[in-house]
Number of protein chains: 2
Amino acid sequence: MTPSESHTPQEMMIRKLESIFALTSEEEQALISLPIQIKFLETNRNIVTVGDQPSHCCLIVEGFTCVHKLSVEGKRQIIAFHVPGDIPDLQSLHLQVLDINISSITRCKLGFIKHTDLHQLCEQHPRLTPALWRETLVHASIFREWLLNNGQRSAYSRVAHLICEFMLRLKAVGLVDDTTFTMPVTQAELADATGITPVHANRVLQALRSDGLISTSRQQITIPDWHEIQLAGEFDPLYLHLKEEAIT
Amino acid sequence: MTPSESHTPQEMMIRKLESIFALTSEEEQALISLPIQIKFLETNRNIVTVGDQPSHCCLIVEGFTCVHKLSVEGKRQIIAFHVPGDIPDLQSLHLQVLDINISSITRCKLGFIKHTDLHQLCEQHPRLTPALWRETLVHASIFREWLLNNGQRSAYSRVAHLICEFMLRLKAVGLVDDTTFTMPVTQAELADATGITPVHANRVLQALRSDGLISTSRQQITIPDWHEIQLAGEFDPLYLHLKEEAIT
DNA sequence: CGAAAAATTGAACCATATCAACTTTTGTGG
DNA sequence: CCACAAAAGTTGATATGGTTCAATTTTTCG
């Protein structure tokens, strides 16, 4: 884990919500006193699965997770990646039965928040309801963009687009160091997210590297020219619905 | 327009919400007195487009619409189809700037509802907030299933899956006659929704017909064997989050 | 009835898949 | 800190589901 990640669960959650919604200091205080139960998880473990009826929401404090669904033939579609500050199953507040699997793709520090506590929080601070609702709506917007990405763009553009998204979402929670960030996604996971094969994902990454759009070392990605990769990925951050200051 | 569609906007909205949420009669009354402004629209007209900041939500009363996004190269991905009772831009309640286009794919009767009226309604009837929130969550769930569908299934299965979804969603609002329903989607639109070409969509439909999974006449689709087409489309209705009685 | 939209057909082509090694990196236990 | 097994990444050759292009036919609708 990088040093920058030594934050409380509540701080990460606030930081994330702040990137899409203006919280008052009173609301921040309420969030700070929200009871959150910490758990640590190894890589590639299920957090919740299809059919579960969770009584808690799961906040990513450190590490990364993905949401995925399986076809009958066992093919996996990754629907979303989640970064620190995200609450991948916030939907379970109002949809009793889960229709997705959520798994860790790195070691994770997770914070579990009781539905009842969240409901109570929203009652006491009525502006938090639209804040959380908005959070679920932003994630829905990301699904839509992924549909466009996977449906209409070349494999090359898809991967470039995904890298751009990762960059901005990490930046929003302070996890980007200038032009470099950690993207601990294997090529197999990248493939399952973009609807291509791992072999082709490998070839696309090589092309992106040799075209100078990214340089990689371990799981660190550096983007030398933000404008260029945006162009290659047809990336327009509107769909992330970030506040102005989080986009630059 | 078919005779079964002679309902007020409020009735269609209630019918739809009832399929995913149990409303009290008091809440139904409140919905019935919601002010809704009716407009009629021709086929293939934009209702709202990317960048708009709507002050109203749009309820489909009669007809069908689609949500779509365009790639830089002008390719269109259809993200969703909407049927009577749906509110395709309900998200605009909490996301100021629209990231999608919404267009009619048939002649439509639309009902426009002021954001302020919806907010007021939710304040006066606090259980309606989770009801509407849930509605947006169900649509997000459909996006996820479409990602799986378009990413991991064959063209044949994708189309079968989409037909299954249409059937259940129309059934939920009473627009299915036994095994037959209206699906006024051109092959070009079907192609843009499933991420294939119109030519291939045509061939897939022919295959589905010759395999006896569907029979068509005009825009009427008949499904002789629900079990068979579900199998072909790997269709499991869980993701629609319908109440029990709406699934059978 | 006539024009435009939608559906259909055939044939060549290609972006990506598939398969089957092989190499490099990573993480773990001794 | 080393060894070594498992995971991840890479390569080359071959295959294919779906695309593309360019007609032609059928349907829809004013």
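Letters A, B, ... are given to chains in the order of the sequence lines, protein chains preceding strands, and every chain is numbered from 1. Values reported hereafter were calculated over all heavy atoms of this structure, with side chains retained and with hydrogens, waters and symmetry mates removed.
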Looking only at dT11(D), dT28(D), dG9(D), the nucleotide nearest the Gln187(A) side chain is dG9(D)
Specify the separation, in whole Å, of atom CD1 of Ile196(A) and atom C1' of dT10(D).
15 Å
Does any donor-acceptor pair link the side chain of Arg203(A) with the base of dG12(D) at a separation under 3.5 Å?
yes
Output the rounded distance in Å from CD (Gln219(A)) to C1' (dT26(C)).
10 Å
5′-ward residue of the pair Val199(A)/His200(B) relative to DNA chain D
Val199(A)
I need the CG-P distance between Leu205(A) and dT11(D), as an integer number of Å.
12 Å
Do Phe166(B) and Phe81(B) have ring centroids that are under 6.0 Å from one another?
yes
Provide, to the nearest angstrom, the distance between the CG atom belonging to Asn44(B) and the C1' atom belonging to dA4(C).
13 Å
Can you measure Asp192(A) atom CG to dA17(C) atom P for me and round it to whole angstrom units?
11 Å
Does Lys171(A) qualify as a cation-pi partner of Phe181(A), given the criterion of NZ or CZ under 6.0 Å from the six-membered ring centre and within 45 degrees of its axis?
no
Is there a side-chain contact between Arg107(B) and the phosphate of dC29(D), meaning an N or O under 4.0 Å from OP1 or OP2?
no
Output the rounded distance in Å from NZ (Lys75(A)) to P (dG17(D)).
11 Å
From CZ of Arg158(B) across to P of dG18(D) the rounded distance in Å is 7 Å
If I take atom CD in residue Gln152(A) and atom P in nucleotide dG18(D), what distance separates them, rounded to the nearest angstrom?
15 Å
dT19(D), dG9(D), dT16(C): which one has an atom nearest the side-chain heavy atoms of Ala155(A)?
dT16(C)
Does the side chain of Asn202(A) come under 3.5 Å of the side chain of Gln206(A) through a donor N or O and an acceptor N or O?
yes
When you compare the side chain of His82(B) with that of Ile87(B), does any pair of heavy atoms fall below 4.5 Å?
no
Is any NZ, NE, NH1 or NH2 atom of the basic residue among Glu165(A) and Arg169(A) found under 4.0 Å from an Asp or Glu carboxylate oxygen of the other?
yes
Counting just side-chain N and O atoms, does Asn202(B) come under 4.0 Å of either OP1 or OP2 of dA7(C)?
no
Nearest listed nucleotide, side chain of Thr197(B), among dT20(D), dT16(C), dT11(D):
dT20(D)
Heavy atoms only, 4.0 Å cut-off, all strands: where does Thr186(B) land among base, sugar-phosphate and nothing?
sugar-phosphate
